[in-house]
Amino acid sequence: MNAKKSIAELVAKALIKAFPEAAGLPAVDEVEAFLEVPPDTAMGDYAFPCFRLSKPLKKGPPVIAQALLNAMGDNEVATGQAAGGYLNFFLNRERFALDTLALDNTRYDLASSNTGKTICLDYSSINIAKRFHIGHLTTTMLGHSLKRIYDFLGYRTIGINHLGDWGTQFGKMICAYKHWGNKDEVEAGGVDAMTSLYVRFHEEAEKDPSLEEEGRAWFKRVEDGAEEALAIFNWFKDVTLKDAERVYQKLGVTFDYYTGESFYNDKMDRVVVELKEKALLVESDGAQVVDLTEDNMPPCLILKRDGATLYTTRDIAAALYRKDTFDFTKALYVVAYQQDLHFRQWFKVIEKMGYPWAKDLIHVSFGMVSYEGQALSTRKGHVIYLEELLDRAVEKALAIIEEKSPGLEDKETVARQVGIGAVVFADLFNNRIKDIDFWWDRALNFDGETGPYVQYTHARCCSLLRKATEAGVTPNGSQTSALTDDDAQEVLRQLSRFISAVLEASDHYEPSMVTRQITRLAQAFNKYYYEQRILDEDMGASAARVRLTEAVRDTLRQGLWLIGMEAPERM
RNA sequence: GUGCCCGUAGCUCAGCUGGAUAGAGUGACAGACUCCGACUCUGUAGGCCGCUGGUUCGAAUCCAGUCGGGCACACCA
């Protein structure tokens, strides 16, 4: 049983003993919810605030705290101390050490409660013929991390890269390719070559407006499945994905499906038919919309005046398809907050269609990326490509390794783990809603609360464990008297909070809660390392401190994994 | 104009369902390696928690208003 629960039981019992006449005293669960952590560990490990009992018991909070303390008596869990309106608890340190080291932070014990539940995650969702830039990093890493977090908690997860592979612009690109492109150039140049074709199209279309019509015609042919058009379109897609795959590999990101917008081309009739049947579709300015005035939102467009579908239509079709196919418990859409209204609109349409699972559709929104204070703009060249960022981070990591650990084996691999880790960590350190203004010096900072800091701490633990093995010390936490000092207790405290941090992260769709927790753990361990000698003559005490080190290493590695980072054993 | 989001140390940000003197990193200054990895650790300075009112025993946290910033607001995605 965890410490908090044990204390809640103590308090609940003491309440009944101290106030036998009183009615409506809080039960154990309620007491547990009231328990809080004092602002300073010198005040105790947990505190029970007595203020809200003041009115029903008709006594002052300090009087209640004292009465509870008297009723509680001695016990092996914790000692109490009345402080104003609070009853503070100091845990029995040896027992806390024993309990905490018995936890396994690399597994989630209650996994069975989530088995059979499925989470669909829609993330990264890149556009065909466009290069990966820093604006795509957050959706990719946030989604990837959430997927790992839900996996850890025992869910079945479905990662979907909902490719932006539909729209007139692809007709224009095919048109440009037919006029001025050639196969070898595109094969060699990849996405860049396709982008040039697109730019060329717009230049030429200024002079010759008939090209616009030609472009639309090409897209129509793709829609209708005409052989040549479809072949070129699919080839563009392959080339883009091959480019993107290089970046995904560097980041260690994978997907279960690459079903993009085009995948739903033949699944949209159902949406339109169903909306008509349910009398939700109304005509407005020639277009077909779902009216949302009573929900205080602008109408949701389903069909354009020319009868063509929109991406909202495809999102609805995709949601229906995913519900049918995966029967998800929740479907997460990891998309920037710009599209807030769009999601609120079509989620509402699903609700109006009568699907109770509309409440399970979650827009996991996040902040925008700018570069040195200005909006990103591919057209103006004001952009940082993701691959360049990753490569420069790896380069810098390699330079630091050359300087500080020239003898390290396989420097390139470690530099990759550290450099990319720094970028990923920084992306998942703050609350996702925060905007990010990109500056090179910030992005390449490896000091302080950064990925390399946590990785370094992990490597330091590994090193210590190697030394322990050489010295013949086997990790063994039984001599808990060696772990009662303030620094060890702080490490234990941070270890004990890991799983709840992961649960909070999943509740709030906020991996930064994991990032923050492992950072606090690393800070606590580094302080401990400096203040206390881990390996010394006392074998029993060393074994206990080595066991603590092992738990820290395992937890850091697990936490790094959950946010999509690797944990090198040496760096 | 309407809706949503944000506003906490010079800078970047934490602050869990309201709770005890508001925290960290960074930058500045001052320190710590004959000792388990100094990508580390310790200390000092730095804050009308945008502003005003309200609810409460208690508000950075909840409510209303206000100012400042971002985003969105029909045939693009």
Side-chain angles (χ1 to χ4, degrees), chain A residues 33-34 36-40 43 47 49 51-52 54-55 60-61 83-86 88 125 127 164 166-169 261 284-289 296-312 314-315 336-342 344-345 365 367-368 370 397 400-401 403-405 418 422 426 429-431 433-437 439 442 445-457 459-468 471 497 500-501 504 507-508 512-513 516 519-520 522-523 526-536 542 545-546 549 570-571:
Chain A
F34 291 167
E36 49 194 61
V37 177
D40 187 338
M43 295 168 162
F51 306 97
R52 69 187 86 207
S54 186
K55 205 171 272 180
Y86 292 93
N88 291 338
S125 303
N127 293 317
W166 208 242
T168 328
Q169 72 269 28
E261 292 187 66
S284 170
D285 276 349
Q288 297 291 316
V289 308
N296 203 23
M297 282 187 272
C300 182
L301 245 78
I302 302 296
L303 292 176
K304 296 200 278 190
R305 203 173 309 163
D306 63 8
T309 56
L310 289 112
Y311 82 130
T312 307
R314 288 186 286 281
D315 271 344
Y337 67 60
Q338 283 171 326
Q339 299 200 33
D340 207 44
L341 178 61
H342 164 248
R344 285 198 299 131
Q345 283 181 308
S365 64
M368 314 241 311
S370 54
I400 293 173
I401 290 167
E403 185 196 332
K404 302 201 174 178
S405 7
V418 173
F429 187 66
N430 290 332
N431 288 343
I433 202 64
K434 297 280 177 183
D435 287 336
I436 296 171
D437 191 18
W439 293 81
R442 276 188 219 157
N445 172 36
F446 290 5
D447 298 324
E449 295 168 321
T450 63
Y453 173 84
V454 177
Q455 286 174 322
Y456 176 77
T457 310
R460 176 178 259 181
C461 289
C462 291
S463 168
L464 215 36
L465 289 163
R466 285 191 299 268
K467 287 271 183 342
R497 293 177 186 161
S500 48
E504 292 253 325
D507 282 349
H508 298 276
S512 66
M513 292 183 159
R516 297 260 170 190
T519 305
R520 280 190 291 267
Q523 284 167 332
N526 281 322
K527 181 154 177 10
Y528 175 61
Y529 178 88
Y530 267 84
E531 301 295 335
Q532 308 290 332
R533 183 78 202 172
I534 289 169
L535 295 167
D536 66 9
S542 294
R545 292 187 291 248
V546 168
T549 304
R570 302 171 206 255
M571 58 187 277

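Letters A, B, ... mirror the listed sequences (proteins, then strands); counts begin at 1.
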Exercise. Using atom P of each nucleotide, how far apart are B:C71 and B:C13 to the nearest Å?
Worked result: 16 Å
Seminar exercise, completed: Hits for side-chain hydrogen bond (donor to acceptor under 3.5 Å, both in side chains) against A:S463, two or more places apart or cross-chain, chain-then-number order -> none
Problem set entry | Charged N-O contact under 4.0 Å between A:D437 and A:R442 | no
For this session: Pick the C1' atom in B:G47 and in B:A14, then give their distance to the nearest Å.
Result: 15 Å
Show the distances under 3.5 angstrom between N or O atoms of the protein and N or O atoms of nucleotides 54-58 of chain B.
{"unit_1": "B:C57", "atom_1": "OP1", "unit_2": "A:K55", "atom_2": "NZ", "d": "3.4"}

Problem set entry | B:G65 to B:G58 separation - P atoms, rounded to the nearest Å | 23 Å
Problem set entry | Check: A:N88 side chain, B:A20 base, donor-acceptor under 3.5 Å | yes
Give every pair of a protein N or O atom and an N or O atom of nucleotides 60-65 of chain B that lie under 3.5 Å apart, one pair per line with the distance.
none

Exercise. Who passes side chain to side chain contact (heavy atoms under 4.5 Å, CB included) against A:P39, sequence neighbours left out?
Worked result: A:M43
Exercise. Say you pick atom P in B:C51 and the same atom in B:G68; how far apart are they, in whole Å?
Worked result: 15 Å
Seminar exercise, completed: side-chain hydrogen bond (donor to acceptor under 3.5 Å, both in side chains) filter on A:T519, not counting sequence neighbours, yields none
Exercise. Ignoring hydrogens and angles, does a donor from either the side chain of A:S284 or the base of B:A74 sit under 3.5 Å from an acceptor on the other?
Worked result: yes
Problem set entry | Sequence-distant partners of A:R460, salt bridge (charged side-chain N to carboxylate O under 4.0 Å, His left out), two or more places apart | none
Exercise. What residues form a ring pair (Phe, Tyr, Trp, His ring centres under 6.0 Å) with A:F429, not counting sequence neighbours?
Worked result: A:F425
For this session: Report the C-alpha separation of A:S512 and A:N430 in whole Å, then their side-chain angles, then the decisive distance to 0.1 Å, and conclude whether the side chain to side chain donor-acceptor pair (under 3.5 Å) test is met.
Result: CA-CA 6 Å; A:S512 66; A:N430 290 332; over 6 Å; no
Exercise. Which letters describe nucleotides 6-15 of chain B, given B = protein heavy atom under 4.0 Å from base, S = only from sugar-phosphate, - = neither?
Worked result: SS-----SSS
For this session: Can you tell me, in whole Å, how much space there is between the P of B:G27 and that of B:U42?
Result: 15 Å
Exercise. Can you list the residues that meet the ring pair (Phe, Tyr, Trp, His ring centres under 6.0 Å) rule with A:F51, with sequence neighbours excluded?
Worked result: A:Y86
Problem set entry | With sequence neighbours excluded, residues passing side-chain hydrogen bond (donor to acceptor under 3.5 Å, both in side chains) with A:D435 | A:Y337
For this session: Quick one: list whatever passes ring pair (Phe, Tyr, Trp, His ring centres under 6.0 Å) with A:F34, sequence neighbours left out.
Result: none
For this session: Rounded to whole angstrom, note down the P distance from B:A20 over to B:U2.
Result: 38 Å
For this session: Go along nucleotides 36-46 of chain B 5' to 3' and tag each nucleotide: B for a protein heavy atom under 4.0 Å from its base, S when only backbone or sugar atoms are that close, - otherwise.
Result: BBBBBSS----
